[in-house]
2 protein chains.
Amino acid sequence: MFQSKSRVAGVLMSIGAVTAALALNDPTPAIAQDREIVRASFNEDGSVSQPENWRTWIFVGAPLTPNALNGGEAAFPEYHNVYIEPSAFEHWRRTGEWADGTQFAKELVLLRQADDCEPDPDNGSCAQTSGQGFFQGEFAGLELKVKDATRFADEPGNWAYFSFGHQPEPYAETATAFPADACNACHEANAADDFVFTQYYPVLRAAKP
Amino acid sequence: MFQSKSRVAGVLMSIGAVTAALALNDPTPAIAQDREIVRASFNEDGSVSQPENWRTWIFVGAPLTPNALNGGEAAFPEYHNVYIEPSAFEHWRRTGEWADGTQFAKELVLLRQADDCEPDPDNGSCAQTSGQGFFQGEFAGLELKVKDATRFADEPGNWAYFSFGHQPEPYAETATAFPADACNACHEANAADDFVFTQYYPVLRAAKP
């Protein structure tokens, strides 16, 4: 009986440690082993399913290209909330590399407009108690970027890009990959770290070993 | 022996479910019971210690008040990356209320400046491949907001506000609470949900039951 209690306690302690590491994404080097990378869910027709819980992934940065500064039609309107899937973030934090299976989500958010927040037509900002600036309004789209050396063996960097729609929720349930040149060419030419725009993502720069 | 194996298996299964919920912040209503709220770490002198791993908390929104739009001196320069501690987010998602112990972190980030990103003096934006806009540069400060009915019984809403400095890292290790009027008066008058500016945080609006 003592032995079985002890085993239960041992299980509890080890699972507890894993739980703490998973929940807090503990940055200490004590996590020596790779967690399994959580992969995107692909379907038989090659499409990818909408990820689950991307808003609880690790936020890395929020570029903002207001429509007002881009002739009324920004390519990505307007805030781009960018997240990395947590197990891929762990891998990056430990190795400075994007694991096979790494997922980034980019959710688009329009600027807030309200009676107390009339946008300046020159730049889209409005005045709030914290100052003149920009504030997130309504969700307006979801994109996903996946690195997979098997599925996307022919894509530069093995990255593929998907859109679940530039529209309010609900977003599409599945998405097919963009043609390579639509996204990857720009990422290849301009992104600082293997097709990822870490120059805009201070959280990733700070975590890089 | 069967019984003890069965107990171990039972522990594994139940802990496994908790682990999954903690790791993914599973939004399903299957999480019936409250997780214990993870509380801020206070010291004997009443100061609070810098939180751990706030960049892995749940991102809720990123207001931006560029210095260029605020006479060169925004009150909060410039991006404000706002996070809620995950157990408090779970509580909010289930109840629409801020649990006692809720923590919000606000990290300040300056606009990116680089040879390829010369700020427009009128608004602080620059031109990048995704368009004319704003991009996160270097970290510039850390603040914390804590709800605690015991420690801050006399504060409106039981909220207290702390700054670990408006400066590059390293931030201060500890911080003492601001006088109530310094922050809370503005939050009380203008914030949409019990002293929290959910009007700027689409992630919180979407998660509210």
Side-chain angles (χ1 to χ4, degrees), chain A residues 1 3-4 7-8 11-12 15-16 18-19 22-27 52-53 55-56 58-59 61-66 69-70 74-76 78-81 83 86 89 109 112 114 122-123 125 128-139 169 186 189-190 199-203 206-207, chain B residues 1 3-4 7-8 11-12 15-16 18-19 22-27 52-53 55-56 58-59 61-66 69-70 74-76 78-81 83 86 89 109 112 114 122-123 125 128-139 169 186 189-190 199-203 206-207:
Chain A
M1 191 62 187
Q3 192 183 23
S4 70
R7 285 179 60 190
V8 171
V11 167
L12 276 168
I15 300 291
V18 172
T19 303
L22 288 172
L24 300 175
N25 294 295
D26 183 354
E52 294 183 357
N53 296 314
R55 289 179 197 145
T56 68
I58 308 299
F59 168 73
L64 166 62
T65 50
L69 288 177
N70 291 276
F76 304 100
E78 295 179 284
Y79 271 99
H80 330 159
N81 291 347
Y83 303 86
F89 179 67
V109 190
R112 170 176 156 81
D122 288 342
N123 55 44
S125 71
Q128 299 282 268
T129 53
S130 53
Q132 183 78 27
F134 304 90
F135 304 87
Q136 299 200 350
E138 301 307 317
F139 292 122
E169 293 185 278
C186 175
N190 298 292
Q199 63 263 52
Y200 307 148
Y201 305 142
V203 173
Chain B
M1 192 60 188
Q3 192 182 25
S4 71
R7 284 180 60 190
V8 171
V11 167
L12 277 168
I15 300 290
V18 171
T19 304
L22 289 172
L24 300 175
N25 294 294
D26 183 354
E52 293 181 358
N53 296 314
R55 289 178 198 146
T56 69
I58 310 296
F59 169 73
L64 166 62
T65 51
L69 289 177
N70 292 277
F76 302 100
E78 297 179 278
Y79 271 99
H80 330 157
N81 292 348
Y83 303 85
F89 179 68
V109 190
R112 167 176 158 81
D122 287 344
N123 55 44
S125 71
Q128 299 282 269
T129 53
S130 55
Q132 182 77 26
F134 304 90
F135 303 88
Q136 299 199 349
E138 301 307 316
F139 292 122
E169 293 185 276
C186 174
N190 300 293
Q199 63 263 52
Y200 307 147
Y201 304 141
V203 173

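All chains are named by letter (A, B, ...) in the order of the sequence lines, taking the proteins before the strands, and each is independently numbered beginning at 1.
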Give, as side chain, backbone, both or neither, the part of [X] having an atom under 4.5 angstrom from any heavy atom of chain B.
X: Ser125(A); result: side chain
X: Gln199(A); result: both
X: Val109(A); result: side chain

Review point. Taking only residues two or more places apart in sequence or in another chain, which ones pass side chain to side chain contact (heavy atoms under 4.5 Å, CB included) with Glu169(B)?
Key: Arg55(B), Phe139(B), Tyr171(B)

What is the distance from atom [atom1] of [X] to atom [atom2] of [Y], rounded to the nearest 0.5 Å?
X: Gln128(A); Y: Asn190(B); atom1: CD; atom2: CG; answer: 8.5 Å
X: Phe134(A); Y: Glu78(B); atom1: CZ; atom2: CD; answer: 11.0 Å
X: Phe59(B); Y: Tyr83(A); atom1: CZ; atom2: OH; answer: 5.5 Å
X: Tyr79(B); Y: Leu64(A); atom1: OH; atom2: CG; answer: 5.0 Å
X: Leu69(B); Y: Asn123(A); atom1: CG; atom2: CG; answer: 5.5 Å

Practice item. Taking atom CD of Glu138(B) as the centre, report whether more than 12 heavy atoms of other residues, nucleotides or ligands fall under 6.0 Å from it. Key: no

**Study point:** Heavy-atom closest pair, residues Gly137(A) and Pro202(B)
**Key:** O-CB, 3.5 Å

Point to revise | Atom of Cys186(A), atom of Thr129(B) and distance for their closest heavy-atom approach | key: SG-OG1, 3.6 Å

Check your understanding: If you count heavy-atom pairs under 4.5 Å between each of Gly61(B), Ser130(B), Ala74(B) and chain A, which one has the most?
Key -> Ser130(B)

